[in-house]
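Take a look at the structure set out below.
Side-chain atoms are counted along with the backbone in the values below, which use heavy atoms only and exclude waters and symmetry mates.
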Amino acid sequence: MMIYRRMVNGKMMETAADQPQFAENVDVLVAGVGTAGALAVIAASAQGAKVLGVDRLPGIGGMGTMGYVSGYYYGLAGGLQVDIDQEAQSMGREHFLDRVEAKKYIMENRITEHGARLSLETTVTGVFMKGHTVKGVSLFSGGRQWNVACGTVIDATADSAVCILAGCATRYGRETDGITRPFTSVKVWLNKNGTITRTNHDSGYVNQYDPFKLSRGILQAHASQMLEEFSDEEKRVMFLAPFIGIREGRIIDAEKNITVGEVIAGRREEEPLFYGYCDFDKHGKDHALETEELQDLHVAANLSTACFSVPVTLRSMMPKGFKGLLVAGRHLGMDHDVASILRMQRDMQKCGESAGVVAALAAKRGVSPEQVPYGQVKAILEASGCLTEEHDKGIMFDDSFRRERIQWMTDPQEIKAALATDMPGIAIYSCKLLGGKIAPQLKEWLASGEQMLRYGSAIGLGLAADAAALPVLRQIVGARDAFYFKDCRRTNQFRSAIAIYLLGKLGDRESIPMLKEILCDEGEYNKPLYHEIKEISYKVNGNKNFNGLYFQIVSQTTVALIRIARAHPELQAGIKDILREAFRDDRHLLHVTTLPKLTFEYETVQNIKSYALRFCGTEQMPGPGAQ
């Protein structure tokens with residue numbers, strides 16, 4: 001007997017469905033015809049499957065069309081997307097305002113070429129289940145509800161909408177505070193020379209599951225983040241894209257969840273469908289609230305722009321314990337850290353193509369997707385260029401600033417030479433991997449009269465979890481210098497903030513008085529280091545409305561004190577008193593930025609304050625992350 005599951009007034013309801021009336025039966029139903037879903041529809045229908053694609057919006061293509069993000073960051077080009085992009089580039093110049101409109105037109109034509117159909121402005125309202133197998137869905141459009149039976153549902157809604165209805169387990173946001181990455185808003189303008197340009201803005205943090213908060217976030221982004229461009233005489237604003245970029249939502253618990261540890265270690269997979277490729281493009285400046293595993297790489301080792309290959313298998317696209325259901329998009333099975341890599345448009349298009357091929361072959365053979373022989377799927381994906389050996393790029397610096405493969409170091413002399421430079425990141429992270437093997441040499445170099453080597457060795461030793469680093473780490477913080485490493489083209493880390501992070505990681509109780517001084521001494525902000533870097537430098541992700549060094553020092557100090565309190569429960573009461581004193585008002589926030597509430601800059605600082613007050617027991621966990 002089937003069960004019909006649907007949401008009623010925010011609560012999941014189940015009713016028996018002995019003989020549901022289905023208006024039609026399709027091989028593959030794709031829910032969400034966005035970045036991944038559009039390619040899933042095209043790929044599945046190209047393999048001869050009967051396909052229906054539904055989307056709540058009036059158009060297809062997601063952020064690449066409706067959101068007007070016409071360019072790519074990382075990700076790897078391959079598969080069906082290549083011809084589409086090339087044709088859109090050519091056609092966009094001749095017949096359309098821009099290639100964005102051309103791409104949507106081309107994908108719509110590809111969808112209908114093999115007989116697939118679309119139902120836009122259509123919402124999935126429920127699912128029909130037989131045990132843990134999805135057998136069909138209910139849809140609402142045009143004022144009526146109708147039911148469709150299907151062999152496989154591909155949930156490409158990006159927010160796991162079908163998975164939630166089916167009862168799949170999901171996660172949301174980072175562990176510390178439940179918050180997801182800042183959203184983006186896009187402005188499109190006409191330049192004086194007649195060219196069209198668009199700009200992506202980090203526009204704040206938003207709970208996309210609360211319609212009022214989401215609407216307020218969009219209005220705030222349009223009202224304040226864009227004002228500067230309206231006054232530019234060289235540009236004429238054409239429009240603000242109404243479809244904002246939500247970088248992260250609910251993530252499924254899959255048969256195989258990809259973890260940050262596996263990615264950094266370069267774990268291989270035997271049956272990949274495609275490879276993701278990017279740096280940990282986390283956005284946001286509140287690094288202190290990310291996982292220690294990511295901060296070891298991003299903060300301590302200053303390797304924020306190192307790019308990693310991520311092999312993705314079918315198991316990461318299968319909700320754990322469910323059949324007849326695949327996901328395609330940024331909600332596939334992974335942790336919060338990996339989600340900052342596996343969300344690039346190129347890779348999500350390959351994800352959709354992979355899911356479409358598997359679902360279509362399952363329909364041909366009359367089996368579940370996991371029963372389709374991998375060899376058949378691989379042959380099709382290799383033929384289209386969705387899966388190639390070249391996509392397995394390993395770990396690299398891969399930009400105009402620095403282009404080289406990253407090899408972790410094992411030779412002590414090579415590590416010593418690198419630690420003495422202003423680009424020691426690979427050597428520092430190598431110290432973490434070597435651990436006790438390199439500790440004797442690092443302790444010897446701590447006595448060096450060369451400051452760069454001494455300080456670099458202390459950071460490497462601290463990352464290797466050796467308390468012998470603590471005296472020198474305290475010296476670094478005490479010196480309060482504004483020096484930053486130069487490994488990366490952007491988001492380079494300040495040495496003082498790195499040392500504070502490691503003091504917290506090592507649970508150093510002796511540093512509490514110094515950390516208290518940073519947060520509670522009214523004169524801290526007047527120290528020279530916070531005012532030495534005046535230029536707007538991409539290398540440290542700075543801008544005129546945000547004092548990045550002061551924020552990194554304050555945020556890392558706040559979280560370091562909380563880590564020390566957790567390592568030493570007997571000190572918790574005193575540390576809570578420090579945090580209450582430090583955040584009794586908004587002085588830290590006002591020293592960092594004067595921009596108003598709801599702006600990205602304001603909320604970045606507010607995240608730290610809220611995290612501290614929650615630790616003290618005076619605030620609750622916000623949003624869906626608390627569920």
Side-chain angles (χ1 to χ4, degrees), residues 7-12 32 34 56-57 62-63 66-67 123-124 155 157-165 168-186 200-225 240-253 281-286 288-291 327 329-331 334-337 339-340 343 555 589 593 595-615 618-627:
M7 196 75 72
V8 178
N9 294 327
K11 296 182 179 180
M12 190 63 66
R56 62 182 178 83
L57 297 174
M63 284 306 295
M66 305 291 285
T123 303
V124 179
D155 184 348
T157 61
D159 276 314
S160 310
V162 180
C163 292
I164 293 293
L165 290 170
C168 308
T170 63
R171 301 179 300 284
Y172 180 90
R174 58 191 176 195
E175 295 177 3
T176 50
D177 59 4
I179 289 177
T180 58
R181 308 187 196 291
F183 74 92
T184 184
S185 53
V186 176
N200 246 6
H201 295 261
D202 279 344
S203 298
Y205 296 85
V206 70
N207 174 1
Q208 65 260 40
Y209 304 111
D210 184 315
F212 295 101
K213 291 180 179 178
L214 177 60
S215 300
R216 185 177 64 182
I218 294 171
L219 293 175
Q220 174 67 24
H222 288 175
S224 63
Q225 296 289 76
L240 310 176
F243 190 47
I244 64 170
I246 303 294
R247 292 189 172 100
E248 183 182 6
R250 291 188 178 95
I251 297 172
I252 67 162
D253 182 21
D281 188 38
K282 62 176 289 297
H283 285 259
K285 303 171 188 287
D286 47 2
L289 296 178
E290 302 295 341
T291 63
V327 301
R330 57 168 169 74
H331 53 311
M334 55 190 164
D335 63 28
H336 168 75
D337 293 334
S340 64
R343 62 177 180 82
S555 61
L589 193 152
T593 182
L595 291 176
K597 292 182 179 180
L598 298 182
T599 59
F600 167 59
E601 290 80 2
Y602 181 99
E603 294 196 351
T604 295
V605 192
Q606 187 64 38
N607 288 345
I608 299 296
K609 179 178 180 178
S610 295
Y611 182 65
L613 295 180
R614 280 195 297 277
F615 177 72
T618 57
E619 278 197 16
Q620 299 296 315
M621 189 80 126
Q627 65 185 5

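Rounding to the nearest 0.5 Å places CD1 of Ile218 at 10.0 Å from CZ of Phe243.
In the model, Thr157 has no side-chain atom that pairs as donor or acceptor with a side-chain atom of Asp159 under 3.5 Å. Defined by atom type and a distance below 3.5 Å, a donor-acceptor pair is missing between the side-chain atoms of Asp286 and Ser555.
Scanning both residues, Ile244 and Thr184, for their nearest heavy atoms gives CB-O, 3.5 Å. Contact between Tyr205 and Thr604 at its shortest, heavy atoms only, is CE1-OG1, 3.7 Å. When all heavy atoms of Asp281 and Arg181 are compared, the closest pair comes out as O-CD, 4.4 Å. Listed here is the closest heavy atom pair of Ser160 and Arg250: OG-O, 3.2 Å. Among all heavy-atom pairs drawn from Glu601 and Thr593, the shortest one is CB-OG1, 3.7 Å. Here the closest non-hydrogen pair linking Thr180 and Val206 is OG1-O, 4.2 Å.
In this structure, the side chains of His336 and Glu175 stay at 4.5 Å or more apart for every pair of heavy atoms.
With respect to the salt-bridge test (charged N to carboxylate O, under 4.0 angstrom), the residues Arg174 and Glu290 qualify. The pair Asp210-Arg216 fails the salt-bridge criterion, with no side-chain N (NZ, NE, NH1 or NH2) lying under 4.0 Å from an Asp/Glu carboxylate O.
Exactly one residue among His283, Lys282, Glu603, Lys285 makes a side chain to side chain contact (heavy atoms under 4.5 Å, CB included) with Pro182. That residue is His283.
At least one donor-acceptor pair under 3.5 Å links the side chain of His331 to the backbone N or O of Asp155. Side-chain atoms of Ser215 do not come within 3.5 Å of backbone N or O of Phe212 as any donor-acceptor pair. Looking at Gln208, its side chain does come within 3.5 Å of a backbone N or O of Glu248 through a donor-acceptor pair. Side-chain atoms of Asp177 do not come within 3.5 Å of backbone N or O of Tyr611 as any donor-acceptor pair.
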